[in-house]
Amino acid sequence: MLRRAFFERDPLTCARELIGCELLWDQCVGMIVETEAYNARGDEACHCFVRPSTRAFVERNRAGAAYIYFNYGVHWMLNVLVKGAERGFVLIRALEPTRGLALMRKRRRVDDVRQLCSGPGKLTQALAITRQHDQMDLCSDPRFCFSARPADSKFEVVADERIGIRRSAELRWRFTLRASGFVSRPVKASRALTC
DNA sequence: ACACGGATACTA
DNA sequence: AGTATCCGTGTC
């Protein structure tokens, strides 16, 4: 289980290093293959830029808290609060499912493994994540937490532009596992950086 | 390409 | 109360 110290670092560092880690959510598990970083300060795409309630969330909660909100009137989004020198959020955007596939298929009503968690709204539906999990501490309950990358493995991470935003759109703060077939959208090769 | 549809934070 | 905006998905 990832300790709180992992999340007591900058959003960019946490977002990059979460690639290859697992998200454990009750009966279901998936490897994280896509994340995005949002800085509380100086990042116009972060909710903190326009929402006082989100700024209050940052003050009120410790690093490792789940920040969950409803988007486009349809989908729940799972973020993790991080607090280093820079504070902000990591949006969990896609998983490669590894356990609990049958339950995910039932909730998503699709069979294709690549369609289960290949998007921030898809994965919350597959894992049954809703408002009730907002502010949950993801560093204390082994049923709802992150697990570290296997020590002996190597993960190549690619950065490109964040998806679907208008402000601060040029920042390459989306991180994906290289060549993963489980991401929400293909990497924009012309803008991608290996990191 | 476009419909879907709710929370939040504005304007009055 | 009315309006603009929003880190998406599924189906057309």
Side-chain angles (χ1 to χ4, degrees), chain A residues 7 10-16 18-19 23 30 32-61 65-83 86-97 104-136 138 146 157-177 180-188 191-192:
Chain A
F7 301 101
D10 298 348
L12 282 164
T13 304
C14 291
R16 188 178 63 242
L18 276 172
I19 299 298
L23 174 63
I32 299 170
V33 297
E34 178 178 347
T35 61
E36 285 178 356
Y38 290 86
N39 271 8
R41 294 200 307 173
D43 176 8
E44 298 187 21
C46 185
H47 279 184
C48 287
F49 191 76
V50 289
R51 293 193 186 186
S53 58
T54 305
R55 294 194 287 272
F57 182 100
V58 174
E59 299 301 328
R60 187 191 324 130
N61 289 278
Y67 172 60
I68 294 167
Y69 65 89
F70 203 48
N71 200 24
Y72 290 107
V74 190
H75 301 291
W76 297 98
M77 301 284 126
L78 171 64
N79 300 254
V80 189
L81 176 63
V82 306
K83 291 180 147 180
E86 285 289 348
R87 304 187 297 178
F89 300 96
V90 177
L91 171 64
I92 310 299
R93 286 192 55 92
L95 308 174
E96 177 178 337
M104 293 186 196
R105 287 193 169 100
K106 183 180 166 191
R107 289 166 173 159
R108 290 274 299 127
R109 297 175 190 164
V110 295
D111 281 339
D112 183 358
V113 185
R114 298 197 178 201
Q115 286 301 317
L116 293 178
C117 298
S118 54
K122 294 178 184 177
L123 74 88
T124 55
Q125 185 180 34
L127 303 186
I129 295 171
T130 65
R131 171 193 291 289
Q132 67 177 339
H133 303 106
D134 191 42
Q135 299 194 74
M136 177 183 283
L138 300 180
F146 298 89
V157 179
V158 177
D160 73 343
E161 289 160 355
R162 294 178 291 184
I163 306 272
I165 60 171
R166 311 179 64 153
R167 301 190 244 244
S168 301
E170 73 289 352
L171 299 172
R172 286 176 278 198
W173 287 2
R174 174 197 190 215
F175 298 92
T176 54
L177 178 63
S180 172
F182 294 86
V183 298
S184 66
R185 290 166 61 166
V187 172
K188 207 190 278 183
R191 305 285 295 153

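Per the geometry, CD1 belonging to A:Ile68 stands 15 Å off C1' belonging to B:dA7, to the nearest Å. Per the geometry, NE2 belonging to A:His47 stands 13 Å off C1' belonging to B:dG6, to the nearest Å.
For A:Arg162 (side chain) and A:Ser168 (main-chain N/O), a donor-acceptor pair under 3.5 Å exists by modelled atom type. Between the side chain of A:Asp160 and the backbone N or O of A:Lys188, at least one donor-acceptor pair lies under 3.5 Å. For A:Arg174 (side chain) and A:Glu161 (main-chain N/O), no donor-acceptor pair under 3.5 Å exists by modelled atom type. Using a distance-only test at 3.5 Å, with no hydrogens or angles considered, a donor-acceptor pair links the side chain of A:Lys83 to the main chain of A:Val58.
Nucleic acid contact class of A:Arg108 (heavy atoms, under 4.0 Å, all strands): sugar-phosphate only. Heavy atoms of A:Phe89 sit nowhere under 4.0 angstrom from any nucleic acid atom. Across all strands shown, A:Ile163 has heavy atoms under 4.0 Å from sugar-phosphate atoms exclusively, and none from any base.
A:Arg51 forms no cation-pi arrangement with A:Phe57, by the criterion of a distance under 6.0 Å to the ring centre and an angle within 45° of the ring axis.
Annotation: of the two residues near DNA chain B, A:Val74 and A:Pro52, the 5′-most nearest-nucleotide partner is A:Val74. Mapping A:Arg51 and A:His75 onto DNA chain C by nearest heavy atom places A:Arg51 closer to the 5' end of the strand.
At most 12 heavy atoms of other shown residues, nucleotides or ligands fall within 6.0 angstrom of atom CZ in A:Arg166.
For the segment residues 166-175 of chain A, the set of residues with a heavy atom within less than 4.0 Å of an atom of DNA chain C comprises A:Arg166, A:Arg167, in numerical order.
Phosphate proximity of B:dA9 to A:Ser53: present, with a side-chain N or O under 4.0 Å from OP1 or OP2.
A perpendicular orientation is assigned to the rings of A:His47 and A:Tyr67, their planes being inclined by more than 60° (bins at 30° and 60°).
Across all strands shown, B:dG5 forms no Watson-Crick or G-U wobble pair with both key distances under 3.5 Å.
The two atoms that bring A:Ile19 and A:Glu34 nearest to each other are CD1-N, 3.6 Å, heavy atoms only.
Put simply, chain A comes within 4.0 Å of DNA chain C, heavy atom to any atom, from C:dC6 to C:dG10, going 5' to 3'.
In the model, A:Gln125 has a side-chain atom that pairs as donor or acceptor with a side-chain atom of A:Arg108 under 3.5 Å.
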